[in-house]
Every structure is written in structure tokens, then in C-alpha cells.
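Have a look at the structure that comes next, please.
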Amino acid sequence: MPSLIATPALQGLTPVTHGSLTLAEATPARLTSVAPFRGQAEAVGRALDPLGLRFPAANAVIEGAGGRIVWTGPGQAFLLDADPAPLAGLAALTDQSDGWVGLRLSGAGCEEVLARLIPIDLRPQVFGPGTAARAPLGHMLSVVMRRAEGIEILVFRSMARTAVHEITVAMAALAARQAG
Amino acid sequence: MRITCPHCGDRDRREFYYMGAEDYLHRPAEGAAPEAWNDYLHLRDNPAGVTRDLWYHEQGCSAWLLVTRNTVTHEILGVRAVDGEAAE
């Protein structure tokens with residue numbers, strides 16, 4: 001097999017800083033869709049236990065020593081930065097590592113930036129640690145997660161440039177208002 | 001108009017894709033009479049008032065939802081997920 005040149009989707013696009021806000025790449029090293037087979041939900045939970053994880057409830061993200069797992073819909077979650085091997089036979093597993101990019105927006109006012117693009121309440125008192133959501137970013141599907149450092153967003157890799165453009169326009173507009 | 005997704009909560013209706021009447025959940029059994037298939041494929045009520053139809057939360061959790069709504073007032077009267085209901 002020839003060795004192909006890997007080009008990161010966000011190459012040259014991040015990081016971007018406007019005022020107190022920074023948009024940085026946060027693409028998981030590994031991303032696996034996990035859909036437990038019928039009747040296997042408990043077994044999937046037990047298999048995740050050694051990673052310090054369990055199958056997440058709706059709109060939840062769980063961080064463990066061995067990675068993260070985020071709810072992405074009824075009966076489906078994304079396992080991030082972890083080896084899905086312990087789940088083999090218990091859940092439908094799909095490696096989607098190449099299909100998504102992650103972005104992290106951090107700094108004071110990050111919720112106000114995203115309020116221009118994501119039509120859900122992302123203020124910390126509502127969207128705090130451990131919270132996630134499936135929500136549109138502009139017209140793009142996304143997975144939104146709260147992290148200690150800020151808010152992380154997963155979008156399709158093919159949407160990387162558009163997502164960065166949309167978010168940086170909102171960042172610049174908000175930074176301009178803060179400066180004035 | 002807003003729809004309360006049973007998984008995601010209160011969301012704008014533009015996050016949802018409209019599929020059509022609840023009738024799509026009632027597929028005739030294999031070997032059903034041609035009339036039953038005709039009704040299933042083609043015959044729809046067109047009520048001025050309360051109706052039930054299928055919506056898809058395409059910009060959210062990807063769940064199929066059964067929405068009860070009023071076509072006159074645009075009021076949403078109820079929403080529930082239909083996972084597994086159409087399975088055999």
C-alpha cells in the first residue's frame with residue numbers, strides 16, 4: 001500500500017485568537033460510534049467500567065481516565081480517545097475518526113459567541129460540566145460538549161473550513177463590541 | 001413554532017424534517033390486500049384541526065418523533081419518540 005500524505009482538515013486554520021477568545025483544534029485522536037445491541041446496554045456499561053466510563057444518559061458527556069464518551073442520540077454514543085475493543089460483540093462499533101474534527105472555544109464570552117450560531121442555552125448554569133448536546137452550528141450538524149477549558153464542538157470533517165469561518169466571524173464581532 | 005424533543009428538549013422547528021402522516025407507522029402486513037396497500041400509500045386525511053405526523057430531528061439527536069399538533073392554531077399538543085414502534 002502506498003504511503004499517502006495525511007493532511008489535517010484544520011491545517012492553517014487554527015488556532016485563532018480575538019481578544020480574550022481562542023479557537024483551537026481539539027480533534028479526538030480516535031472516535032468510535034457505539035450503538036449497544038438490543039439487550040446489551042448493561043453489558044456495555046460493564047465493559048466501559050475499566051476505562052472509568054459508563055454509557056452516557058441523554059445530553060451527557062463522561063470523562064474517565066481512559067477517554068471520554070458522549071451521548072449523540074438515542075441508543076448511540078461516541079467513544080473518544082479510547083480503544084473500543086472491550087465493546088466488541090456488545091455494540092455496533094464504527095470507526096469515524098477520519099470523519100469528524102473537533103474545535104475548542106475558550107475564554108470569557110465563549111458562550112456569547114456560540115449563542116450567535118447554536119440555538120440552545122450554553123450558559124454554565126444550564127450547560128455545565130458533564131453536559132453535551134446535539135445541536136446545529138449554523139446549518140451544520142454538531143456535537144457540543146462542555147469541558148473545563150471551554151466548549152468543544154465536533155463537526156463533520158468536510159465542514160471544518162466553514163465551521164472555523166462561522167465561529168471566527170462571530171468571535172471577531174464579539175471582540176470588537178468588547179473593545180468598544 | 002417549537003417542538004419539545006423528548007431527548008434534546010425545547011428546540012426550533014427548523015431543526016426538524018417533516019416526514020408525513022402517522023399512517024407511515026402502520027405498514028400493512030405481508031400479503032395484505034391491495035386495498036390496504038393503496039390506503040397506506042395514497043390515502044391521507046387533511047384535517048383542519050388536530051393531526052398526528054412524523055418528524056425527524058435531523059439537526060439534533062436523529063430521532064423519529066410522533067408529533068400531535070393543530071393545523072389551525074399551529075399549537076404543538078404532544079411529542080413522543082417512536083423507536084421500535086414500527087418494528088415487527
Side-chain angles (χ1 to χ4, degrees), chain A residues 33-41 55-61 69-78 92 94 96 99-100 114-123 125-128 130-146 153-156 159 162-163 166, chain B residues 1-31 40 50-71 73-88:
Chain A
S33 161
V34 177
F37 292 133
R38 202 181 294 268
Q40 297 293 330
F55 197 81
N59 304 302
V61 56
I69 189 164
V70 57
W71 179 87
T72 54
Q76 190 200 56
F78 281 175
T94 317
Q96 299 189 20
W100 296 79
L114 294 177
R116 297 177 174 217
L117 298 165
I118 302 177
I120 62 172
D121 192 347
L122 293 175
R123 292 174 302 163
Q125 60 266 43
V126 177
F127 195 79
T131 316
R134 293 303 311 264
L137 171 80
H139 289 117
M140 291 167 275
L141 290 173
S142 77
V143 182
V144 191
M145 298 172 278
R146 169 67 71 177
I153 302 158
L154 297 174
V155 293
F156 293 147
M159 301 284 167
T162 308
E166 295 264 12
Chain B
M1 199 166 112
R2 293 181 73 82
I3 293 176
T4 301
C5 171
H7 305 292
C8 301
D10 183 32
R11 295 290 181 92
D12 190 279
R13 79 117 182 102
R14 283 170 291 187
E15 291 186 25
F16 300 83
Y17 173 80
Y18 175 79
M19 164 77 182
E22 181 199 10
D23 300 14
Y24 286 112
L25 287 180
H26 309 302
R27 183 183 173 88
E30 195 178 341
Y40 169 72
V50 175
T51 188
R52 303 219 300 172
D53 35 35
L54 291 171
W55 293 70
Y56 179 59
H57 197 184
E58 67 172 350
Q59 301 240 38
C61 65
S62 305
W64 282 100
L65 306 173
L66 183 60
V67 177
T68 307
R69 65 188 178 94
N70 189 312
T71 59
T73 64
H74 303 304
E75 190 180 2
I76 303 286
L77 302 164
V79 184
R80 65 183 170 83
V82 293
D83 336 4
E85 277 185 36
E88 71 266 39

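Just so we're on the same page: letters track the sequence lines, and every chain starts at 1.
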**Report entry** Minimum heavy-atom distance between A:P74 and B:C61, given as atom pair plus value
**Finding:**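 The pair with the smallest heavy-atom distance is CD-O, 3.4 Å.
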
Report task. For A:A163, check side chain to side chain contact (heavy atoms under 4.5 Å, CB included) against everything at least two apart and list the hits. Result ->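 Side chain to side chain contact (heavy atoms under 4.5 Å, CB included) list for A:A163, sorted by chain: A:L103, A:L137, A:M140, A:V155.
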
Report task. With a 4.5 Å cut-off on heavy-atom pairs, point out which of B:A63, B:C5, B:C8, B:P6 contacts chain A the most. Result ->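 Looking at each of B:A63, B:C5, B:C8, B:P6 in turn, B:C8 comes out on top.
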
Quick one: donor-acceptor pairs under 3.5 angstrom, chain B versus chain A?
from	atom 1	to	atom 2	distance (Å)
B:H7	O	A:N59	ND2	2.7
B:R11	NH1	A:R134	O	2.8
B:R11	NH2	A:R134	O	3.0

